[in-house]
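Some notes on the structure that comes next.
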Amino acid sequence: MALYLYNTLSRRKTEFVPRVGNHVAMYVCGPNLYGPAHIGHALSYIIFDTLKRYLKFRGYDVKHVQNFTDIEDRIIETARKENTTIQALAEKYIARFLSEMDSLNIRRADVYPRATEAIPTIIKMTQGLIEKGMAYELDGDVYFRVRADEDYGKLSHRSLDEMEAGARVAVDERKNDPMDFALWKASKSGEPAWDSPWGPGRPGWHIECSAMNLEQHGPQIDIHGGGQDVLFPHHENEIAQSESYTGKEFAHYWVHNALLHLPGQEKMTRHLGGLIYIPDALSRHSSDAIRAFILGTHYRSPLAWTEDGVDAAERGLDKLRAAVKDAVAPGPEANDALSESAAQAREKFITMMDDDLNTAGALGALYDLAREINRARGEGSSPAQLAAAQATLLELADVLGLTLREPTHAVSADESAKIDALVAERNALRAAKKYKEADGVRAQLTEMGIEIADSAQGTTWKKTK
RNA sequence: GGCGACGUGGCCAAGUGGCUAAGGCAAGGCUCUGCAAAAGCCUGAUCGUGGGUUCAAUUCCCACCGUCGCCUCCA
C-alpha cells in the first residue's frame, strides 16, 4: 500500500515517493496580507494540514513552508487607504491569521518566510534569468520572456497561442509578448522600494515563491500546494522561473484544492465579496464541525458552504464524541471483537487516505468504528475493554485534525453550583416519584441552555449554548 | 472561443465493469428510560438524458441537457 496523489502536472494519480529518503519538502502558498482570511482560506489550509498530518502518520518527516505575501499591489493600495505602512498591515494580518489557523486546529508550518525578507534572492534569481536570456529589462521593470521557455504552460495545460487568442488582459505594448510577466517592478514615487541593478523597485508577484522555495528547500521540492485559483498564472509562472533558473525539475507533485463558494454564488474570493470570516464561522460552529464539513467532500471537488451543512456535521460528530467520552488509558483488558473492528477501521482509513486523500471515505471509517464502540458499551463492555478501540478512534480522528472534544461553553463557578443544586433537586423529586415536578426542574435547566442525561451512573449535564 | 471538472436515495457525500452502491444529516418504527436525552437496531436509491462498446456499465466511449472552475487579481 502506498499513498497516491493527484498531480496537476500529469493530471493523474501517481504514487507518492519523496525525492530523498522519507523526507518531504512541502510548500503551500500562503495568503496575501491585505485583509483578513475567510473560510475559503480555511478550507485550503485545513486540507494541506490534513495532508501533512497524514504524511506524518505514514512515517514521513515533513518540512512545511508557507509564505506570507507582504509586498504586492493590493497591500500597497490598502496601506495607503488606511493611512498605514505595509509592515504594520502585514503584522496585523499575520497575527490574526496565525491565531485563526490555531483555532481551527491547523498545525503551524515549520517556517513562514516573508517576501520582503527574500529580496536578495529575488534579485539574484532575476539577474540570473536575465543572464540566461530568459528575462529582459524595460525601463526599470524586468519581465520574464515566456516564449523563451519552451514548456511554458505545462502545468495549467494550455499553450501561449490559445491563451493569447482569448486574452482579456490589457496588453502592454512595450513587452516582447503579451504574456510576459514582471519579475521586478520599478517603484513609483511613494511606494516601498528596494535597491536593485535596475533601480529602485519591488518584486513581482510570482518570483517571491520561487525565491522562498530556493532559500528554504533548495532547488527541488516534493509537494507544492495551493488553491486551484492560483494554478494559473501564479504556479505556472513559478514553475517557469524556478526551472529556468535552476535547470532542474521544481516540484514533483502539484496539489490543488477546489474552491469554496456560497450556494448559487461564485467562488469565495476577496475581490468579489460575499465572504464569511473565520471568527464568525467559529462563533456558530466548533472547529471540529468546520473540519468535518470540509473533509466530508473530496478536496478536488468544489464545496458550497451552508450553515445547515456544518450543523449536520456537528450533529454527526456527537456520535464520535459519544464513542470516546469515557475513554481511559488502554490496558491489557480488551474486547476482541472490538479490537478487530478497530483494526478494520484503521485499514479502511489508510486505504481511503492513500487514495488521493479520500477524507470522506476516511471519515466513514471513523463512524463505523464509533458505532461498534457505542454498541459494545451498550452491550456491557467496561471502559477498560473499550479503551484500545477508543485510542484508535482518537488517533485516526487526530489525523483529520478532529479533537472529538465536546464544544466548550464557559460555565462560571456560581452557575455551576446553581446547576448542580437544580440537578440534585430534580433527582430528589424523581426518587420521590414526583415526576411532574422533576420535569419542571428539567425545563428550567433547558431554559438555561443545560442539557441533562440520566444514566445508571447518575445524572450528567452540559451546557449547549 | 480554448482547457478542465461535476451531475449517486429528501439533503450532503464516498465508490465500483459483474459480489449487500460506504458514511453523515433528516424522516418513520423499535430497544433502553418514570418520561426524555444519548446510544443501538430496523426501513429507502438501479446512480442527469439518449445512444454505443461489452457476456455484463452507475463505473469505459460519444452526443445532449444542466451546474461549475480556470484563461486578470484570488487559497
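Being a predicted model, the structure only gives us computed values, none of them experimental. Just so you know, these numbers use all the heavy atoms, side chains as well, and skip hydrogens, waters and symmetry mates. Here is the naming used below: chain letters follow the sequence lines, and residue numbers restart at 1 for every chain.
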For this session: Count the heavy atoms belonging to other residues, nucleotides or ligands that lie under 6.0 Å from NZ of A/Lys463, then report whether that count exceeds 12.
Result: yes

For this session: Output the single nucleotide from B/rC70, B/rC25, B/rA75 whose closest atom is nearest the side chain of A/His41.
Result: B/rA75

Exercise. Under the side chain to side chain donor-acceptor pair (under 3.5 Å) test, which residues partner A/Arg346, sequence neighbours left out?
Worked result: A/Glu395

For this session: Check the distance between B/rU59's P and A/Asp355's CG and give it to me in whole angstrom.
Result: 19 Å

Exercise. What pairs of residues pass the side-chain hydrogen bond (donor to acceptor under 3.5 Å, both in side chains) test when at least one of them lies in residues 258-267 of chain A, not counting sequence neighbours?
Worked result: none

For this session: Compute the ring centroids of A/Phe68 and A/Tyr93, then answer whether they are less than 6.0 Å apart.
Result: no

Problem set entry | Partner nucleotide, any strand, of B/rC70 [Watson-Crick/G-U, under 3.5 Å] | B/rG2

Exercise. Quantified in whole Å, what is the C1' atom distance between nucleotide B/rC19 and nucleotide B/rA36?
Worked result: 43 Å

Exercise. Taking atom P of B/rG2 as reference, at what distance in whole Å does atom CE of A/Met179 sit?
Worked result: 18 Å

Exercise. Counting side-chain heavy atoms from CB outward, which of B/rG4, B/rA75, B/rG69 is closest to A/Tyr45?
Worked result: B/rA75

For this session: For B/rG9 versus B/rU49, give the span between their P atoms, rounded off to a whole number of Å.
Result: 10 Å

Exercise. Which part of the nucleic acid does A/Gly30 contact within heavy-atom distance under 4.0 Å: base, sugar-phosphate only, or nothing?
Worked result: sugar-phosphate

Exercise. What residues, two or more places apart in sequence or in another chain, satisfy ring-ring contact (aromatic ring centres under 6.0 Å, His included) together with A/His41?
Worked result: A/His38

Exercise. Of the residues in residues 98-105 of chain A, which ones touch RNA chain B at a heavy-atom distance under 4.0 Å?
Worked result: none

Problem set entry | Whole-Å distance separating the NE2 atom of A/His235 from the P atom of B/rC71 | 13 Å

Seminar exercise, completed: Applying the 3.5 Å cut-off to both distances, the Watson-Crick or G-U partner of B/rC64 turns out to be B/rG48

For this session: Could you work out the separation of B/rA22 and B/rA13 based on their C1' atoms and round it to a whole Å?
Result: 10 Å

For this session: Considering only atom P, compute the distance from B/rU46 to B/rG29 and round it to an integer number of Å.
Result: 24 Å

Exercise. Any side-chain N or O of A/Arg300 less than 4.0 Å from the OP1 or OP2 oxygen of B/rG4?
Worked result: no

Exercise. In whole Å, what is the span from the CG atom of A/Asp356 to the C1' atom of B/rA5?
Worked result: 14 Å

Exercise. Does B/rU43 have a Watson-Crick or wobble partner in any strand here, with both distances under 3.5 angstrom, and which is it?
Worked result: B/rA27

For this session: Can you tell me, in whole Å, how much space there is between the P of B/rG4 and that of B/rC64?
Result: 15 Å

Exercise. For A/Leu366, which contact category applies under a 4.0 Å heavy-atom criterion: base, sugar-phosphate, or nothing?
Worked result: nothing

Exercise. B/rC73 and B/rU59: how far apart are their P atoms, nearest whole angstrom?
Worked result: 39 Å

Seminar exercise, completed: Sequence neighbours excluded, the answer for side chain to side chain donor-acceptor pair (under 3.5 Å) partners of A/Asn335 is A/Ser381

Problem set entry | Whole-Å distance separating the NE2 atom of A/His298 from the P atom of B/rU8 | 17 Å

Problem set entry | d(NE2, A/His256; P, B/rC68) in whole Å | 23 Å

Problem set entry | salt bridge (charged side-chain N to carboxylate O under 4.0 Å, His left out) against A/Arg375, all qualifying residues, sequence neighbours excluded | A/Glu372

Exercise. Under 6.0 Å between ring centres, would you say that holds for A/Tyr45 and A/Phe48?
Worked result: no

For this session: Using a 4.0 Å heavy-atom cut-off across all strands, classify A/Gly296 as base, sugar-phosphate, or nothing.
Result: sugar-phosphate

For this session: Identify whether any heavy atom of A/Leu317 sits under 4.0 Å from a base atom; if not, whether one sits that close to sugar-phosphate; answer base, sugar-phosphate or nothing.
Result: nothing

Exercise. For A/Tyr6 and B/rC6, what is the distance between atoms OH and P respectively, to the nearest whole Å?
Worked result: 9 Å

For this session: Check whether more than 12 heavy atoms from other residues, nucleotides or ligands sit under 6.0 Å from atom CD of A/Glu15, and answer yes or no.
Result: yes

Identify all pairs in which a protein N or O lies below 3.5 Å from an N or O of nucleotides 31-41 of chain B, and state each distance.
unit_1, atom_1, unit_2, atom_2, d
B/rG34, O6, A/Arg426, NH2, 3.2
B/rG34, O6, A/Arg430, NE, 3.1
B/rG34, N1, A/Asp439, OD1, 3.1
B/rG34, N2, A/Asp439, OD1, 3.4
B/rG34, N2, A/Asp439, OD2, 2.8
B/rC35, O2, A/Arg442, NH1, 3.4
B/rC35, O2, A/Arg442, NH2, 2.4
B/rC35, N3, A/Arg442, NH1, 3.0
B/rC35, N4, A/Asp454, OD2, 2.8
B/rA36, N6, A/Asp454, O, 3.1
B/rA36, N1, A/Asp454, N, 3.1
B/rA36, N3, A/Arg442, NH1, 3.4
B/rA39, O3', A/Asn374, ND2, 3.2
B/rC41, OP1, A/Arg375, NE, 3.4
B/rC41, OP1, A/Arg375, NH2, 2.3

For this session: Give, ordered by number, those residues of residues 336-352 of chain A having at least one heavy-atom distance below 4.0 Å to an atom of RNA chain B; if nothing qualifies, reply none.
Result: A/Lys348

For this session: Would you mind telling me which of B/rA22, B/rC73, B/rA75 lies closest to the side-chain atoms of A/Asp368?
Result: B/rA22

Problem set entry | Residues which pass salt bridge (charged side-chain N to carboxylate O under 4.0 Å, His left out) with A/Arg108, listed by chain and number, not counting sequence neighbours | A/Asp102

Exercise. Residues two or more places apart in sequence or in another chain: which of them pass side chain to side chain donor-acceptor pair (under 3.5 Å) with A/Asp326?
Worked result: A/Arg377, A/Gln390

Problem set entry | Separation of atom CG in A/Leu259 from atom P in B/rC6, rounded to whole Å | 15 Å

Exercise. Contact class for A/His234 vs. all strands (heavy atom < 4.0 Å): base, sugar-phosphate, or nothing?
Worked result: nothing

Problem set entry | A/His235 and A/His256 aromatic centres sub-6.0 Å | yes

For this session: Ignoring the backbone of A/Arg11, work out which of B/rC3, B/rU72, B/rC25 is nearest its side chain.
Result: B/rC3

Problem set entry | Any A/His271 side-chain N or O less than 4.0 Å from OP1/OP2 of B/rC73 | no

For this session: Take the angle between the ring planes of A/Tyr253 and A/Phe16 and call it parallel below 30°, perpendicular above 60°, tilted in between.
Result: tilted

Exercise. Does anything in residues 298-320 of chain A pair up under ring-ring contact (aromatic ring centres under 6.0 Å, His included), and if so which pairs, sequence neighbours excluded?
Worked result: A/Phe293-A/Trp305

For this session: Find which nucleotide of RNA chain B each of A/Ala362 and A/Arg158 is nearest to by heavy atoms, and output the residue with the more 5' nucleotide.
Result: A/Ala362

Exercise. When the P atoms of B/rC6 and B/rA39 are considered, how many whole Å apart are they?
Worked result: 35 Å

For this session: Apply salt bridge (charged side-chain N to carboxylate O under 4.0 Å, His left out) to A/Lys13 and list each qualifying residue two or more places apart in sequence or on a separate chain.
Result: A/Asp355

Exercise. For RNA chain B, whose closest nucleotide is more 5', that of A/His157 or that of A/Ala313?
Worked result: A/His157

For this session: Please determine, for B/rC55, whether a Watson-Crick or G-U wobble partner exists with both distances under 3.5 Å, and give it or none.
Result: B/rG18

